[in-house]
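Following: one structure in structure tokens, then a few remarks.
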Amino acid sequence: MHSSTPPRAASNTTTAKVARIKAFRWIALILVLAIAIILMSPIICTLAVAVAITAGVSLGKKTPTFLRFRTPTTAARALIISVVVALLSAGMANLVLPRADTTVDEASVAFAPAADDAIAVGEDQPESPAPAEAVSPKPGTALAALETLEVKGRAPKTGYDRDEFGQRWKDIDRNGCGQRDDVLARDLTAVLKDGRCVVASGILDDPFTGERIAFERGQDTSALVQIDHVVPLSDAWQKGAQQLTAHQRETLGNDPLNLLAVDGASNAQKSDSDAATWLPKNTEFRCSYVARQVSVKVAYELWVTQAERDAMERILTGCPTEQLRTSDYAADAMAIAEEPAAKPRPTVAPSPKPQPTQESKPAPAPAPAKPGPPADVYYKNCTEAREAGAAPVRVGDPGYAKHLDRDGDGVGCE
């Protein structure tokens, strides 16, 4: 008779297989829990800190908290356990997870050397380039000329008067026209004149605003276009013009380099401001405007304040090739040094006149004076005056007239 009991070997194999499955499940469960604890370590740390704080409050005040610690012993145990759990979870989060102030890609990068271990810059390791490398200004530019201007404080305005700069709109180029009309003819387009000099109308592309202005001479319209002193005369007075001669100041006040036809309202707004306190509304013109100011101050040896220099440098740095302008009128005026006051001549006692002797002859009678031109003489031009031997004709001389003295200095047909 055969037995119905299965073989023992098969039974042992099945039991071992079940045991391995159970062990694998436990290992998998432990790994899952470990990963979960690691990932949740910040949360666990936060909860542990909250429990520790609550337990500490319960022990300190000896009052129940929201966790309801019934005895001080229970609160003490909870405090100790929560502190340990907080430390472990915080350490685990710090070791495994990347720091909050770095990205995942940066977490594996080695730390930079400390300040004491920093590598010194030597011959084999060049220095890092500066953020903005300074560009040396080229000779002949306004930016290079700016460096030659003296930087000083503003002098008092004491003694300033517009008349200190001589005749207004003097015809310094001696073309027979005043400087105002010369500047209008230079800066306007579609110019129409009343006679040879007077500008009656024209179109101004205003450099200060960038707008187009129709100019028409008249009592109510002429003020729409005004002639601006690029370096205001008051500003010039406080920055060196006091030391100039009267002739040099008059040249500065009428030099075409220092004159521009501009919008009247903008000119009034500018007043006597320098580059530190006023710049044209038209930003595209600022380089040319500041370069012209530098040119005038260089030509007449004026200085700038520190704030003014900084403003000029800031503008010209954006246009380092802007050229310095020159003025022949300024060069001629500055070349003439101020004449020193005439020294008084020493007085010499007159020698006694010799007494006439019998042998001495009486002095001859003086020759009769050559008759001059009649008081009502009129010379049509300087050629006629020269032929008559009357040139130069001065104010008060017979024949003097304004048409012979175009520059208005009181001497005609020089």
Side-chain angles (χ1 to χ4, degrees), residues 135-151 165-166 169-175 177 179-189 204-208 210 226-233 235-237 239-241 244 247-263 266-267 270 272-276 278-280 282-305 308-336:
V135 179
S136 299
K138 296 181 180 180
T141 62
L143 184 59
L146 177 62
E147 297 181 354
T148 67
L149 292 177
E150 187 178 5
V151 178
F165 290 84
W169 315 130
K170 181 178 180 180
D171 179 21
I172 62 173
D173 57 2
R174 300 191 178 185
N175 66 348
C177 303
Q179 276 312 95
R180 174 179 169 79
D181 284 304
D182 280 347
V183 174
L184 289 174
R186 181 195 67 184
D187 294 349
L188 272 60
T189 58
L204 173 67
D205 290 322
D206 177 42
F208 281 0
Q226 299 179 9
I227 306 301
D228 171 58
H229 285 95
V230 179
V231 174
L233 301 185
D235 178 74
W237 178 263
K239 297 174 183 176
L244 299 179
H247 172 63
Q248 290 166 347
R249 285 197 297 269
E250 186 174 58
T251 306
L252 170 60
N254 293 281
D255 193 332
L257 177 64
N258 196 32
L259 300 177
L260 280 178
V262 299
D263 168 53
S266 298
N267 187 42
K270 171 188 172 181
D272 59 354
S273 302
D274 59 19
W278 189 91
L279 288 170
N282 181 13
T283 56
E284 295 181 358
F285 181 67
R286 289 181 178 179
C287 279
S288 178
Y289 174 77
V290 172
R292 189 179 285 263
Q293 282 193 328
V294 172
S295 301
V296 172
K297 296 212 166 187
V298 168
Y300 289 92
E301 300 176 6
L302 307 177
W303 70 73
V304 292
T305 63
E308 181 184 11
R309 186 192 185 283
D310 293 343
M312 288 177 163
E313 184 177 25
R314 184 175 63 254
I315 296 297
L316 294 176
T317 300
C319 46
T321 59
E322 191 75 30
Q323 294 296 302
L324 183 74
R325 296 167 174 82
T326 58
S327 167
D328 293 336
Y329 304 105
D332 293 342
M334 299 304 289
I336 303 174

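As a basis for the values below, the full set of heavy atoms in this structure was taken, side chains included, without hydrogen atoms, waters or symmetry mates. Everything numeric here is computed off the predicted structure, so don't read it as measured data.
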Open item on the list: Nearest 0.5 angstrom please: Thr251 OG1 to Asp332 CG, how far?
Closed with: 8.5 Å

Task: Straight-line distance of Arg180 CZ to Asp171 CG, nearest 0.5 Å - done: 15.5 Å

Task: Straight-line distance of Ile172 CD1 to Glu250 CD, nearest 0.5 Å - done: 8.5 Å

Task: Derivation and outcome, side-chain contact (heavy atoms from CB on, under 4.5 Å), residues Leu260 and Phe285 - done: CA-CA 12 Å; Leu260 280 178; Phe285 181 67; 3.8 Å; yes

Task: Closest approach of Val304 to Leu149 (non-hydrogen atoms, all atoms of both residues) - done: CG1-CD1, 3.9 Å

- [ ] Would you please classify the geometry between the His229 ring and the Trp169 ring as parallel, tilted or perpendicular, with 30° and 60° separating the classes?
- [x] parallel

Task: Ala236 to Leu302 - nearest heavy-atom pair and separation - done: CB-CD1, 3.8 Å

Task: Beyond-backbone contact of Val290 with Leu146, side-chain heavy atoms, under 4.5 angstrom - done: no

Task: Side-chain donor-acceptor contact under 3.5 Å, Gln179 with Asn254 - done: no

Task: Leu252 to Asn258 - nearest heavy-atom pair and separation - done: O-ND2, 3.5 Å

- [ ] Write down the atom of Pro137, the atom of Glu147, and the distance for their closest heavy-atom approach.
- [x] CG-OE2, 3.5 Å

Task: Point-to-point distance, once rounded to the nearest 0.5 Å, from CD of Gln323 to NZ of Lys138 - done: 9.5 Å

- [ ] For Asp263 and Asp206, indicate whether the former's side chain and the latter's backbone hold a donor-acceptor pair under 3.5 Å.
- [x] no

Open item on the list: Just so I know, are the side chains of Cys287 and Ile315 near enough to count as touching, which here means a heavy-atom distance under 4.5 Å?
Closed with: yes

TODO: Could you walk me through whether Ile227 and Leu184 pass the side-chain contact (heavy atoms from CB on, under 4.5 Å) test, one step at a time?
DONE: CA-CA 8 Å; Ile227 306 301; Leu184 289 174; 4.0 Å; yes

Open item on the list: Pairing donors with acceptors under 3.5 angstrom, does anything connect the side chains of Tyr300 and Asp255?
Closed with: yes

Open item on the list: With a 3.5 Å distance limit and no angle check, can you tell me whether Asn282 reaches the backbone of Pro207 through a side-chain donor-acceptor pair?
Closed with: yes

Open item on the list: For a 4.5 angstrom cut-off between non-hydrogen side-chain atoms, does Asp272 reach Trp237?
Closed with: no

- [ ] Using atom types as modelled and distance alone, determine if a side-chain donor or acceptor of Lys297 lies under 3.5 Å from a backbone N or O of Trp303.
- [x] yes

- [ ] Would you give the length of the straight line joining atom OG1 of Thr148 to atom CG of Leu324, rounded to the nearest 0.5 angstrom?
- [x] 8.0 Å

Task: salt bridge (Lys or Arg N to Asp or Glu O under 4.0 Å) against Asp228, all qualifying residues, sequence neighbours excluded - done: Lys270

Open item on the list: Is the shortest side-chain heavy-atom distance between Leu244 and Glu301 below 4.5 Å?
Closed with: no

- [ ] Return the minimal non-hydrogen interatomic distance between Leu259 and Arg292, and the atom names on each side.
- [x] O-NH1, 4.2 Å

Task: Over all atoms of both residues, closest heavy-atom pair of Met312 and Ala275 - done: CG-CB, 4.0 Å

Task: Validation row: Asp182, Pro256 side chains within 4.5 angstrom (heavy atoms) - done: no

- [ ] Give the C-alpha distance, both sets of side-chain angles, the deciding distance and a yes or no for side-chain contact (heavy atoms from CB on, under 4.5 Å) between Glu308 and Val151.
- [x] CA-CA 9 Å; Glu308 181 184 11; Val151 178; over 6 Å; no

Open item on the list: Quick test of your reading: applying salt bridge (Lys or Arg N to Asp or Glu O under 4.0 Å), list the pairs with at least one residue in residues 314-329, sequence neighbours left out, ordered by first then second residue.
Closed with: Glu322-Arg325

Open item on the list: Is the shortest side-chain heavy-atom distance between Val296 and Ser327 below 4.5 Å?
Closed with: no

- [ ] Supply the atom-to-atom distance Phe208 CZ to Trp278 CH2, rounded to the nearest 0.5 angstrom.
- [x] 4.0 Å

Open item on the list: Test your reading of the model: is there a side-chain donor-acceptor pair from Asp181 to the backbone of Ala185, 3.5 Å cut-off?
Closed with: no

Task: side-chain contact (heavy atoms from CB on, under 4.5 Å) involving Thr321 - partner list, sequence neighbours excluded - done: none

